[in-house]
There are 2 protein chains.
Amino acid sequence: MKRKITLKDIARELDVSISTVSKALKNSEEISRDTKEKVQAFARLYNYRPNNIAISLKNKRTKNIGVILPDIVHHFFTTVFHGIEKYANARGYNVIACISDESFDKEVINMEMLANGSIDGFIMALSAGTQLKNDYNHLRQVTDQGIPLVLFDRVTDEVACDKVVINDEEAAYLAVKKMINSGRKRIALLTSEAHFNVSEKRAEGYYRALREHSLPVDEELVLVLPHMYHEENLSEGFFRRTNPDAVLCVNEIYAVRSMRHLQSQGKRIPQDVAVIGFTDGILSRYSIPSLTSIAQHGELMGETAARLLVDRIEADFRDMDEPEYITEVIKASIIDRESTD
Amino acid sequence: MKRKITLKDIARELDVSISTVSKALKNSEEISRDTKEKVQAFARLYNYRPNNIAISLKNKRTKNIGVILPDIVHHFFTTVFHGIEKYANARGYNVIACISDESFDKEVINMEMLANGSIDGFIMALSAGTQLKNDYNHLRQVTDQGIPLVLFDRVTDEVACDKVVINDEEAAYLAVKKMINSGRKRIALLTSEAHFNVSEKRAEGYYRALREHSLPVDEELVLVLPHMYHEENLSEGFFRRTNPDAVLCVNEIYAVRSMRHLQSQGKRIPQDVAVIGFTDGILSRYSIPSLTSIAQHGELMGETAARLLVDRIEADFRDMDEPEYITEVIKASIIDRESTD
DNA sequence: TATCAACACGAAAACGGTTTCGTGCTTGAT
DNA sequence: ATCAAGCACGAAACCGTTTTCGTGTTGATA
């Protein structure tokens with residue numbers, strides 16, 4: 001077991017000072033060619049690597065960014081994470097990941113763990129618990145310390161920071177419009193009570209599309225499901241009762257389940273009922289029939305959030321005046337598949 | 001913007017030494033009650049938190065663990081990651097995540113980035129590229145430095161370290177046996193050429209089951225697909241040609257696709273053809289019909305890997321003798337659903 | 001009154017780097 | 001012979017902790 005070698009070791013071995021070694025390795029003009037070559041050769045031989053922690057302490061920058069996600073089973077967050085990781089790595093940053101499991105407490109604990117020097121900035125989507133509690137003090141505490149923060153997808157107006165969102169309202173509007181244009185009259189909405197902001201926006205788009213096409217708004221056609229919804233048959237009665245000819249779902253799980261229930265009731269998709277779901281994930285691609293869905297471009301969202309964050313981190317050192325915060329909007333798009341015509 | 005407060009700040013403000021402050025905050029016996037109360041009150045008031053980086057430098061332990069995954073779109077790795085994160089957090093560790101994208105080079109770069117002090121240990125699954133290249137020097141370099149390493153799922157005998165695997169051979173064997181017992185005679189295997197070790201093990205189990213039940217081994221019934229296989233119809237001809245009455249797939253995507261092709265050829269599942277897939281993910285649960293699949297218990301695997309790693313990290317400081325490495329086997333289990341009878 | 005513990009605290013080294021500011025020596029010019 | 005400049009390097013501070021090892025003061029004891 002070869003222990004890690006330090007500047008001090010090299011200095012002792014070569015009988016020069018630590019400062020000389022440090023400078024030699026940075027190819028400083030101050031040091032003679034001879035010495036530089038000697039030091040660099042020795043360093044290469046013993047595979048010297050500077051200790052990141054020491055550098056972090058000195059520079060007060062860790063080159064780590066903290067990412068806090070509500071969960072990681074949802075494909076959307078996974079793709080966002082991938083986008084973040086990809087972009088961050090390309091700019092020399094590591095990603096420290098924490099899962100809040102939709103819990104306010106975990107979110108707070110995770111942020112506090114990381115905020116004490118471990119990271120240069122945060123990227124996060126609010127947990128359901130936090131949105132419910134409507135308490136954002138832990139976020140403000142972070143920004144007050146001058147730690148850059150970027151919120152994505154599940155954001156709030158209560159905190160001043162950079163944000164990345166998608167045009168949920170617009171996307172829902174376009175999806176509903178598409179179904180109206182293909183002759184659908186009774187369009188159901190399956191939504192969840194959990195991530196308020198997002199679900200709300202999507203519902204707004206749904207209502208706007210109905211209004212703008214003079215279709216009656218029938219609250220019977222809107223089903224709000226609890227967040228961690230595992231009842232297999234909760235929506236079956238709903239379909240039987242309301243008899244829709246189109247369904248918009250705020251995620252693909254609801255959509256696939258709906259298709260299943262509709263099919264078992266003898267409905268053909270898309271002939272009798274058209275279905276569109278949010279979140280273009282694995283299920284949409286591989287379900288039978290495959291699902292027309294609204295792609296949120298998670299990877300792009302992640303890259304965008306990471307770009308905003310890194311830019312902010314690296315700007316921090318030039319100008320310290322009060323910043324103008326940016327909100328970037330990622331355009332969702334409809335991926336046409338077999339569940340619509 | 002309130003800047004972070006340090007021991008030095010408190011010391012200056014309260015006109016005591018830094019050492020006194022440090023001890024007072026740790027409730028040391030050395031310090032008088034008066035001073036302790038004064039210091040602690042001040043620290044609470046200004047919300048003092050020790051700087052993690054400084055502590056890491058001093059202790060030579062970061063309380064971070066590095067996790068390197070081949071990808072994160074496969075649900076299996078996602079669940080493993082969740083297991084790791086959960087367990088690590090519970091023991092006070094953060095998780096730094098890197099995605100190798102199945103590339104040898106990225107794997108090497110990521111490991112080198114993290115190995116210079118950023119983390120106390122690694123958990124990883126080998127990338128396809130690394131397995132292809134069969135080059136494990138970057139891993140040995142890490143273990144040689146005394147950094148604990150745990151490999152999971154995609155492992156190799158070439159590196160001495162703790163490992164967590166599943167009983168792939170056994171699981172495939174049981175799956176095939178199950179189908180034989182329900183009267184199937186022509187059992188196809190859809191496998192991939194990518195993660196050699198794993199796919200090979202599963203194929204072995206498939207062959208063993210056939211042999212032990214005196215079924216003929218027909219190489220025509222084995223289809224090896226390239227790793228990133230996106231051709232929609234590559235297996236359609238295969239099914240038409242070989243006409244199997246059961247299919248075992250090494251992942252759920254192959255399984256769901258197979259069902260789709262079989263159905264479009266007029267086969268009923270499971271009456272005409274039974275299908276079992278590895279990896280019990282979202283697709284298995286929500287496909288129509290739902291897919292009988294082999295659960296790899298990723299979360300448990302992650303927890304186990306994290307436990308091994310943290311134990312190893314924390315043991316490092318007691319005994320430094322040559323360790324006995326452990327390989328833990330996670331038992332896969334078959335989840336019965338509609339695609340088998 | 002001299003001695004000695006016990007107490008309460010501070011100085012300083014250490015972790016592994018970076019960086020500023022000398023400083024001794026050589027060299028060339030005057 | 002003297003002096004300034006420039007080269008090549010070292011000393012030391014610093015980042016924010018922890019921890020060891022003093023040390024000055026107090027009160028009790030002989």
Side-chain angles (χ1 to χ4, degrees), chain A residues 3-40 42-43 46-64 114-120 145-146 316-317, chain B residues 3-40 42-43 46-64 115-120 145-147 316-317:
Chain A
R3 279 202 27 70
K4 278 240 101 182
I5 196 178
T6 71
L7 285 189
K8 196 196 283 192
D9 298 329
I10 303 183
R12 182 167 12 81
E13 229 45 49
L14 261 45
D15 212 52
V16 291
S17 77
I18 294 181
S19 357
T20 303
V21 176
S22 175
K23 290 170 190 164
L25 290 174
K26 299 193 124 50
N27 243 317
S28 157
E29 293 298 328
E30 269 185 84
I31 307 297
S32 71
R33 259 186 25 139
D34 272 16
T35 310
K36 278 198 278 198
E37 280 170 9
K38 201 173 55 174
V39 170
Q40 288 171 6
F42 190 92
Y46 285 91
N47 194 31
Y48 168 79
R49 305 282 158 190
N51 181 311
N52 287 333
I53 299 291
I55 294 179
S56 294
L57 181 58
K58 180 97 247 267
N59 297 350
K60 297 178 149 234
R61 330 175 60 242
T62 61
K63 289 268 181 175
N64 289 153
L114 296 181
N116 301 310
S118 297
I119 51 93
D120 295 339
Q145 278 176 41
D316 244 13
F317 296 88
Chain B
R3 279 203 28 70
K4 277 242 102 178
I5 196 178
T6 70
L7 286 187
K8 195 195 283 190
D9 298 328
I10 303 184
R12 182 169 10 81
E13 224 53 44
L14 260 45
D15 211 52
V16 292
S17 77
I18 294 180
S19 357
T20 303
V21 177
S22 174
K23 291 169 191 165
L25 290 175
K26 300 193 123 50
N27 242 317
S28 157
E29 292 299 328
E30 269 185 87
I31 307 297
S32 71
R33 261 189 20 143
D34 272 16
T35 311
K36 279 198 278 197
E37 279 170 9
K38 202 172 53 172
V39 170
Q40 288 171 7
F42 190 92
Y46 285 92
N47 193 32
Y48 168 78
R49 305 283 160 191
N51 180 310
N52 286 334
I53 299 292
I55 292 179
S56 293
L57 181 58
K58 181 103 248 280
N59 297 349
K60 297 178 147 235
R61 329 176 59 242
T62 61
K63 288 268 183 177
N64 289 153
N116 301 309
S118 297
I119 50 93
D120 294 339
Q145 279 175 40
I147 301 178
D316 244 13
F317 295 87

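Letters A, B, ... mirror the listed sequences (proteins, then strands); counts begin at 1.
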- Note on the structure: Nearest-nucleotide check on DNA chain C, A:I18 vs A:E30; residue mapping nearer the 5' end is A:I18

- Task: Answer with yes or no whether the side chains of B:S19 and B:S22 bring together a donor and an acceptor at under 3.5 Å.
- Result: no

- Query: Using a cut-off of less than 4.0 Å, is there contact between a side-chain N or O of A:K58 and OP1 or OP2 of D:dA13?
  - Reply: no

- Note on the structure: Taking C:dA11, C:dG16, D:dC15 as options, the one with an atom nearest any side-chain atom of B:L57 is C:dG16

- Message: Closer than 3.5 angstrom, by distance alone: can the side chain of B:E30 be matched with the main-chain N or O of B:K23 as a donor-acceptor pair?
- Response: no

- Message: Between the base of C:dA11 and the side chain of B:S17, is there a donor and acceptor pair under 3.5 angstrom?
- Response: no

- Message: Any side-chain N or O of A:T35 below 4.0 angstrom from OP1/OP2 of D:dC9?
- Response: yes

- Message: Measuring to OP1 and OP2 of D:dT17, would you say a side-chain N or O of B:Y48 lies under 4.0 angstrom away?
- Response: yes

- Item | Below 4.0 Å: OP1/OP2 of C:dC9 and any side-chain N or O of B:S32 | yes

- Task: Could you check B:D120, B:N52, B:I53 and say which one makes a side chain to side chain contact (heavy atoms under 4.5 Å, CB included) with B:T62?
- Result: B:D120

- Query: For B:R61 and C:dA14, what is the distance between atoms CZ and P respectively, to the nearest whole Å?
  - Reply: 22 Å

- Starting from the 5' end of DNA chain D, give me the residue, B:K23 or B:R49, whose nearest nucleotide shows up first. B:R49

- Side chains of B:K4 and A:N116: is there a donor and an acceptor less than 3.5 Å apart? yes

- Note on the structure: Of B:I31 and A:I55, the one whose nearest nucleotide on DNA chain C sits closer to the 5' end is B:I31

